[in-house]
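Worksheet: one structure, shown below.
We use all heavy atoms of the structure for the numbers below, so side chains are in, but hydrogens, waters and symmetry mates are not.
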Amino acid sequence: MGLRVQHGREVTLSYPDLDLPPGAQLAVTGPSGTGKTTLLHTLAGLLTPQSGEVRLGDFNVTAASAAGRDLFRRRSVGYVFQDFHLMPGLSALENVELGLRVAGTANPRALAERALARLDLAHRRHHRPAQLSTGERQRVAVARAVAHGPALLLVDEPTAHLDRDRAGAALELLQGTASELGATLIVVTHDPLVAGALPQRLDLSAGVRG
């Protein structure tokens with residue numbers, strides 16, 4: 001990769017090279033401020049690095065146009081944000097379906113129903129986020145991220161809002177869903193439980209400022 005990403009006016013974040021095969025599962029660890037979430041944003045094509053490149057298969061994310069990166073995210077990336085980013089006025093089903101409609105995916109209602117059922121949320125599909133527990137909201141966010149069958153699943157602090165039992169269940173859910181899809185899973189985490197459960201780790205503890 002050779003990635004260097006500008007972070008604010010005075011800080012450039014430099015990352016070690018990383019080459020993951022399809023279906024790999026990686027934990028990105030390190031203290032706050034070492035660029036973990038910035039790395040996710042760069043991998044998703046939300047940020048453009050000052051140098052280096054990001055590739056998914058034969059697609060060069062870094063060299064693509066803004067429209068090309070948008071299409072890449074809609075088709076190939078699932079992103080689970082730390083705070084879920086669900087639309088409060090929409091039901092669980094509508095939240096998942098909306099992402100599919102934006103991506104121009106065929107049969108969005110059927111795919112949304114299937115994703116929620118796979119995550120044991122079929123009975124909660126008509127509930128809005130405020131009516132759901134934290135764990136249920138997280139599962140809706142995961143369903144939205146994976147409904148289109150992405151090749152790359154990016155997850156930011158999946159256990160930040162959960163107790164130990166729910167954290168373990170969330171991790172099993174993410175790993176199982178990624179394995180089912182054959183997707184590469186990259187998880188930013190401060191949680192030793194998560195870091196220890198994923199087979200590969202990128203530790204940014206030494207700092208990546210350049």
| query | Between the main-chain N or O of P158 and the side-chain N or O of Q138, is there a donor-acceptor pair closer than 3.5 Å? | reply | yes
| note | Residues at least two apart in sequence or cross-chain that pass salt bridge (charged side-chain N to carboxylate O under 4.0 Å, His left out) with R75, listed by chain then number, are none
| salt bridge (Lys or Arg N to Asp or Glu O under 4.0 Å) contacts in which one or both residues fall within residues 172-197, not counting sequence neighbours | R118-E180, R164-D191
| said: Counting neighbours of CG on D163 that are heavy atoms of other residues, nucleotides or ligands and sit closer than 6.0 Å, is the number greater than 12? | reply: yes
| task | Determine which pairs satisfy salt bridge (Lys or Arg N to Asp or Glu O under 4.0 Å) with at least one residue from residues 128-154, sequence neighbours left out, and list them in order. | result | R124-E136
| task | Sorted by first residue and then second, give each ring-ring contact (aromatic ring centres under 6.0 Å, His included) pair with at least one member in residues 18-73; sequence neighbours left out. | result | H41-Y79, F59-F72
| Between L98 and M87, which heavy-atom pair has the shortest distance, and what is it? | CD2-CG, 4.2 Å
| query | Do any N or O atoms from the side chain of D156 and from the backbone of F81 form a donor-acceptor pair under 3.5 angstrom? | reply | no
| said: How long is the straight-line distance from CG of L26 back to CG of L185, given to the nearest 0.5 Å? | reply: 8.5 Å
| said: Taking the side chain as everything from C-beta on, heavy atoms only, tell me whether H127 gets closer than 4.5 Å to S91. | reply: no
| message | Using 0.5 Å steps for rounding, measure from the NE2 atom of H126 to the CG atom of L116. | response | 10.0 Å
| query | Hey, what do you get for CG (L119) to OG1 (T177), rounding to the nearest 0.5 Å? | reply | 5.0 Å
| note | Closest non-hydrogen contact found for A115 with A143 is CB-O, 3.9 Å
| Within residues 58-69 or reaching into it, pairs that qualify as side chain to side chain donor-acceptor pair (under 3.5 Å) - sequence neighbours excluded | E53-N60
| message | Quick check: do T184 and L153 have side-chain heavy atoms less than 4.5 Å from each other? | response | no
| Between V77 and V142, is there a shared hydrophobic cluster once you connect ILVMFWY residues whose side-chain heavy atoms come closer than 4.5 Å? | no
| field | Steps toward side chain to side chain contact (heavy atoms under 4.5 Å, CB included) verdict (L111, H148) | value | CA-CA 7 Å; L111 287 176; H148 61 300; 6.0 Å; no
| message | Are L18 and L46 linked, directly or through intermediate hydrophobic residues, by side-chain heavy-atom contacts shorter than 4.5 Å (ILVMFWY only)? | response | yes
| task | Identify the heavy atoms of S76 and P150 that sit nearest to each other, and give their distance. | result | O-CB, 3.4 Å
| Atom pair OG1/CG of T37 and L47 - distance to nearest 0.5 Å | 10.5 Å
| field | Path from Y15 to L152 over hydrophobic side-chain contacts below 4.5 Å | value | yes
| task | Kindly state each residue pair satisfying salt bridge (Lys or Arg N to Asp or Glu O under 4.0 Å) with at least one member in residues 33-44, sequence neighbours excluded. | result | none
| said: If I take atom CG from residue L3 and atom CG from residue L39, how far apart are they, to the nearest 0.5 angstrom? | reply: 7.0 Å
| field | Closest heavy-atom pair and its distance - G168, L193 | value | N-CD2, 4.0 Å
| request: For E94, enumerate each residue passing the salt bridge (charged side-chain N to carboxylate O under 4.0 Å, His left out) test, keeping only those at least two apart in sequence or located in another chain. | output: none
| query | side chain to side chain contact (heavy atoms under 4.5 Å, CB included) with V155: which of V28, L40, L174? | reply | L174
| field | Sequence neighbours excluded, every pair satisfying side chain to side chain donor-acceptor pair (under 3.5 Å) that has a member inside residues 192-202 | value | none
| field | Results of salt bridge (charged side-chain N to carboxylate O under 4.0 Å, His left out) for D83 - residues two or more places apart only | value | none
| message | How close do G30 and T34 get, counting heavy atoms only, and between which atoms? | response | C-OG1, 3.8 Å
| said: Nearest 0.5 angstrom please: S14 OG to L204 CG, how far? | reply: 11.0 Å
| message | Just to verify, what does E157 make a salt bridge (charged side-chain N to carboxylate O under 4.0 Å, His left out) with, not counting sequence neighbours? | response | none
| request: Examine L171 and I186 and state if one hydrophobic cluster contains both, with Ile, Leu, Val, Met, Phe, Trp and Tyr joined whenever side-chain heavy atoms are less than 4.5 Å apart. | output: no
| field | By ring-ring contact (aromatic ring centres under 6.0 Å, His included) - contacts of H190 (at least two apart) | value | none
| task | Name all pairs fulfilling the salt bridge (Lys or Arg N to Asp or Glu O under 4.0 Å) condition that reach into residues 102-115, sequence neighbours left out, sorted by first residue then second. | result | E97-R109, E113-R125
| message | Check for me, please, whether L43 and L56 land in the same ILVMFWY cluster - side-chain distances under 4.5 Å, paths through other members count. | response | yes
| query | Which heavy atom of R74 sits nearest a heavy atom of A103, and at what distance? | reply | CD-CA, 3.5 Å
